[in-house]
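Worksheet for the structure shown next.
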2 protein chains.
Amino acid sequence: MSTASAARREIPEATVARLPLYLRALASLESRGVDVVSSEELAEAAGVRSAGLRKDLSHLGSYGVRGVGYDVARLSEEISRELGLQHDWAVAIIGMGNLGHALAAYGGFATRGFSVRWLVDEDPAIIGTEIAGLRVIDFAELARQAPETIIAVLATPPHAAQQAADRAIALGVRSILNFAPCVITVPDGVEVRKVDLATELQILAFHEQRGRDEFDDVAEGRR
Amino acid sequence: MSTASAARREIPEATVARLPLYLRALASLESRGVDVVSSEELAEAAGVRSAGLRKDLSHLGSYGVRGVGYDVARLSEEISRELGLQHDWAVAIIGMGNLGHALAAYGGFATRGFSVRWLVDEDPAIIGTEIAGLRVIDFAELARQAPETIIAVLATPPHAAQQAADRAIALGVRSILNFAPCVITVPDGVEVRKVDLATELQILAFHEQRGRDEFDDVAEGRR
DNA sequence: AGGTCTTTGTGAACGCGGGCACAAAGTCGC
DNA sequence: GCGACTTTGTGCCCGCGTTCACAAAGACCT
């Protein structure tokens, strides 16, 4: 009753989070002309352990060949399909401050299955200007132009993030990447991932502070 | 023998990763004039469960008062000390492309314990130019100017990331925040955290694809 | 064609993290 | 000053994820 249509093989969240890494590593190998790779080599390239890699791949009914390894092109395609990257996803960036501006100009999305198609802001001074070949529009305009499934990237100041999220969700957005340093609450069925730059630095700071005193005996068993 | 000087109370990694969230939530409460908060309220503000929050705080020998809650200012200070945020940390941003440029101009660091002090690039066309009030320098110059403990933010293209990391480490950097979409290998004692924007989007894409078919019966028990 | 050797796929053990529920502790009212 | 009430701190349990180690499977050599 609860896990009704568990027809699709269930893929662990931790595995899903690593699939993009594998895909990246595979693309790199492919560009270097490698066409077969062992779990050991691929794990090395992706920065994980080989046993974990094999288990991850086994979840998507992988087609490795024992004694040989994995076919790079084949595996690459397999993972792409699993992640839903056969076709590009349309992305709207909301909030055209420093960060939004940079994200709009950032080339790293296009090659990885995403196409930034709309830039949204509510500041009249910014609306209408052109950034990276796109005109900045307001929410009303986005509502008119965006009938499809889109992914929203939130790059607003924290105080505006919740409202921006609400508006996006009202347009049918179900996936949000939140760069605003705040908690946003969303209804069930909407997926939010957050990227908080300052938080990452603070975690580093913790280890940096700790490390100064303790690394000498932890990092090296003897000395 | 292994865990030699576990004199300091050991704080779980998962807890460390949440401390910045608590700090942020506390700052928000403080600015609103709240000076005592219960674990329930703070958990709500930080987007976690209250039981988990209490357990996290217990690790740093917290000073909550039963029947009342936590003193906002006190707790805030406690977490700041734990994270090593009494003084600001000096940050060098390496790679002045779109992303590096935006990070340099991003105001979100200064208020959270970090001071961006050096902007580094190896392109002669960029070196010497001024961004967000700082002059872009090369690695040699950074080596001359940076005697202290610094945190490096890598915002280079992927092919340049490893070399940039190596150079930074040679200068004594032990903490790296890597925005380049690639794996970098570092010696023991150097901490790397990575932020990969395209990867985050790909994870969202996976759920988006899955969600279209399956959410209807998973999200809602009945219908 | 058979044997050896490589590499996958996976069963089992383990450790961490999250959640529940309760007892301890301290406050506030009377 | 005492009792009731609130909220913390934590012991226990469970489920997930990671790692190890090995058996199955297939390729390659002779």
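Letters go in sequence order (proteins before strands), and every chain restarts at 1. A quick note: this is a predicted structure, and the numbers were derived from the prediction, not measured.
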State which residues pass side-chain contact (heavy atoms from CB on, under 4.5 Å) with B/V65; sequence neighbours excluded, sorted by chain then number.
B/V68

Check side-chain hydrogen bond (donor to acceptor under 3.5 Å, both in side chains) between B/E13 and all other residues, then give those that pass, not counting sequence neighbours.
A/H207

What residues in residues 40-52 of chain A put a non-hydrogen atom under 4.0 Å from any atom of DNA chain C?
none

Could you tell me whether the side chain of B/E122 and the main chain of B/F139 form a donor-acceptor pair under 3.5 Å?
no

Whole angstroms only, please: what is the CZ-P distance between A/R54 and D/dT18?
15 Å

Hits for side-chain hydrogen bond (donor to acceptor under 3.5 Å, both in side chains) against B/R54, two or more places apart or cross-chain, chain-then-number order -> B/S39

Residues which pass side-chain contact (heavy atoms from CB on, under 4.5 Å) with B/A43, listed by chain and number, not counting sequence neighbours:
B/V48, B/S50, B/L53

Nearest nucleotide by nearest heavy atom, which residue falls closer to the 5' end of DNA chain C, A/S39 or B/E13?
A/S39

Which pairs of donor and acceptor atoms, one on a side chain in residues 72-92 of chain A, lie under 3.5 Å apart (sequence neighbours left out)?
unit_1 : atom_1 : unit_2 : atom_2 : d
A/S80  : OG     : A/S76  : O      : 3.2
A/E82  : OE1    : A/R9   : NH1    : 3.2
A/E82  : OE2    : B/R210 : NH2    : 2.8
A/W89  : NE1    : A/G84  : O      : 2.7

Go through the structure and list residues passing ring-ring contact (aromatic ring centres under 6.0 Å, His included) with B/Y106, not counting sequence neighbours.
B/F109

Quickly work out the B/L75 CG to D/dG9 C1' distance and round it to whole Å.
14 Å

Spacing of B/K55 atom NZ relative to D/dT7 atom C1', expressed in whole Å
17 Å

How would you list, by chain and number, every residue that makes a side-chain hydrogen bond (donor to acceptor under 3.5 Å, both in side chains) with B/N178, sequence neighbours excluded?
none

Nearest whole Å is fine: how far is D/dG9 P from B/D56 CG?
12 Å

When you list every nucleotide of DNA chain C with an atom under 4.0 Å from a heavy atom of chain B, which one comes first 5' to 3', and which comes last?
C/dG17 to C/dT27

Restricting to side-chain contact (heavy atoms from CB on, under 4.5 Å), what partner residues turn up for A/N98, sequence neighbours left out?
B/A105

Distance in Å, A/I94 CD1 paired with A/L177 CG, rounded so as to fall on 0.5 Å steps:
11.0 Å

Euclidean distance, atom CG of residue B/L53 to atom P of D/dT7 [Å, nearest integer]
14 Å

With A/R193 via side-chain hydrogen bond (donor to acceptor under 3.5 Å, both in side chains) - residues at least two apart
B/E200

Given protein heavy atoms under 4.0 Å, the one-letter contact record of nucleotides 24-30 of chain D, with B base, S sugar-phosphate only and - none, is simply BB-S---

Whole-Å distance between D/dC16 P and A/H59 NE2?
11 Å

